[in-house]
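These notes are about the structure you will find just below.
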Amino acid sequence: DSAIFFFQKALTLASPGASKSRLSSIYRNVAQVYLTQWNHDSAYYYLIKADEVAKDLSENDYIRAEVNSLWGAYYEDMLDYEKSAEYFSRMCALSKKGGDNFHLIKCYLNESELAYRKGDFAQSLLRGFEALKITETYAYPPQVTDVFLALGNTYTALPSSKYRVAING
């Protein structure tokens, strides 16, 4: 795969003297590609490597949040929702501590998705609207789209039209 090829090139060039945050990011990116390809064994291998390096980055909450987020996605794919929630909670704690709006939106979207899966649509909407509120001051277009999709999916799943609220924007 082309993405893996270029990330491996980056690893080869970066390895001798790269910063730990750079190495952790590269390992995380490789793991993300493998996760997207449903190659969980390879994703796990690179997540371990990313995690080992990221643990030494106590001053870099962003990188640590990225790695925890991907661990959450990994365990979600493995249908281990308890472990997934554990890693997403770590990501949320790091993003709240550092005022990291990108990961905070991911946090609320994940909480919205978990509530949705449990059939708790009110909680799902609440978390979705918390993410939407952040987009008023921090707007990364692909993420804003994710927020709207999450809210739309939750409204679509509501059991009755009496629970649906019209929102004019």
>> Less than 4.5 Å apart, side chain to side chain, heavy atoms only: is that true for Asp61 and Asp100?
In response: no
> Are the side chain of Asn110 and the backbone N or O of Lys106 linked by a donor-acceptor pair below 3.5 Å?
Replying inline: no
> Does the pair Tyr34 and Asp41 meet the rule for a side-chain contact (heavy atoms from CB on, under 4.5 Å), with working shown?
Replying inline: CA-CA 8 Å; Tyr34 282 129; Asp41 292 337; over 6 Å; no
>> To the closest 0.5 Å, what do you measure between OG1 (Thr135) and CZ (Phe129)?
In response: 11.0 Å
Which side-chain N or O atoms in residues 113-120 pair as donor and acceptor under 3.5 Å with protein atoms at least two apart or in another chain?
unit_1	atom_1	unit_2	atom_2	d
Glu113	OE2	Arg117	NE	3.1
Arg117	NH1	Glu76	OE2	3.0
Arg117	NH2	Glu76	OE2	3.0
Asp120	OD1	Gln123	N	3.1

>> Is the ring pair Tyr46/Tyr27 parallel, tilted or perpendicular, if the boundaries are 30 and 60 degrees?
In response: tilted
> Do Ser25 and Glu66 have side-chain heavy atoms sitting under 4.5 Å apart?
Replying inline: no
> So if you build clusters from Ile, Leu, Val, Met, Phe, Trp, Tyr with side-chain heavy-atom gaps below 4.5 Å, do Leu126 and Leu151 land together?
Replying inline: no
>> Is there a path of hydrophobic side-chain contacts, each under 4.5 Å between heavy atoms of I/L/V/M/F/W/Y residues, joining Met91 to Tyr75?
In response: no
> Do you know the tightest heavy-atom contact between Gly72 and Ser84?
Replying inline: O-OG, 2.8 Å
> Are Leu149 and Leu158 co-members of a hydrophobic cluster defined by side-chain heavy atoms under 4.5 Å apart?
Replying inline: no
>> Go through it in stages, so that I can follow the logic: the residues are Val30 and Arg28, the test is side-chain contact (heavy atoms from CB on, under 4.5 Å), and I'd like the CA-CA distance, side-chain angles, deciding distance and then a yes or no.
In response: CA-CA 5 Å; Val30 173; Arg28 192 205 68 78; over 6 Å; no
>> Within a 6.0 Å radius of atom OH on Tyr44, are there more than 12 heavy atoms belonging to other residues, nucleotides or ligands?
In response: no
>> I need the minimum non-hydrogen distance between Ala73 and Leu35, along with the two atoms involved.
In response: CB-CD2, 3.9 Å
>> Under 4.5 Å between side-chain heavy atoms, counting indirect links through other Ile/Leu/Val/Met/Phe/Trp/Tyr residues: same cluster for Tyr62 and Leu94 or not?
In response: no
>> Using a 3.5 Å distance criterion without hydrogens, assess whether the side chain of Ser112 forms a donor-acceptor pair with backbone atoms of Tyr108.
In response: no
> Can you name the nearest heavy-atom pair linking Val67 to Ala54, along with the distance?
Replying inline: CG2-CB, 4.0 Å
>> Check whether Thr36 reaches the backbone of Gln32 with its side chain - one donor and one acceptor, N or O, closer than 3.5 Å.
In response: yes
> Do Leu70 and Ile48 sit in the same hydrophobic cluster, where Ile, Leu, Val, Met, Phe, Trp and Tyr count as joined when their side-chain heavy atoms come under 4.5 Å apart?
Replying inline: yes
>> To the closest 0.5 Å, what do you measure between CZ (Phe121) and OG1 (Thr154)?
In response: 7.5 Å
>> Evaluate Leu125 against Tyr155 for side-chain contact (heavy atoms from CB on, under 4.5 Å), listing each step before the verdict.
In response: CA-CA 8 Å; Leu125 286 172; Tyr155 272 114; 3.6 Å; yes
> Looking only at side chains, do Ser42 and Asn39 share a donor and an acceptor under 3.5 Å apart?
Replying inline: yes
>> side-chain contact (heavy atoms from CB on, under 4.5 Å) for Leu104 and Cys92? Distances and angles first, verdict last.
In response: CA-CA 6 Å; Leu104 197 52; Cys92 292; 5.8 Å; no
> Glu130 and Arg127: salt bridge (Lys or Arg N to Asp or Glu O under 4.0 Å), yes or no, with the steps?
Replying inline: CA-CA 5 Å; Glu130 287 182 51; Arg127 294 298 181 224; 2.4 Å; yes
> So, do Asp80 and Glu82 sit near enough that their side-chain heavy atoms are less than 4.5 Å apart?
Replying inline: yes
>> Is the ring pair Trp71/Tyr74 parallel, tilted or perpendicular, if the boundaries are 30 and 60 degrees?
In response: perpendicular
> Less than 4.5 Å apart, any side-chain heavy atom of Ser69 and any of Phe88?
Replying inline: yes
Which atom pairs, donor and acceptor, lie under 3.5 Å between side-chain atoms of residues 136-143 and protein residues at least two apart or in another chain?
unit_1	atom_1	unit_2	atom_2	d
Thr137	OG1	Ile134	O	3.3
Gln143	NE2	Phe102	O	2.7

> With distance as the sole test, does Asp51 use its side chain to make a donor-acceptor pair with the main-chain N or O of Leu47 at under 3.5 Å?
Replying inline: no
> Which heavy-atom pair separates Cys107 from Ser95 by the least distance, and what is that distance?
Replying inline: CB-OG, 4.5 Å
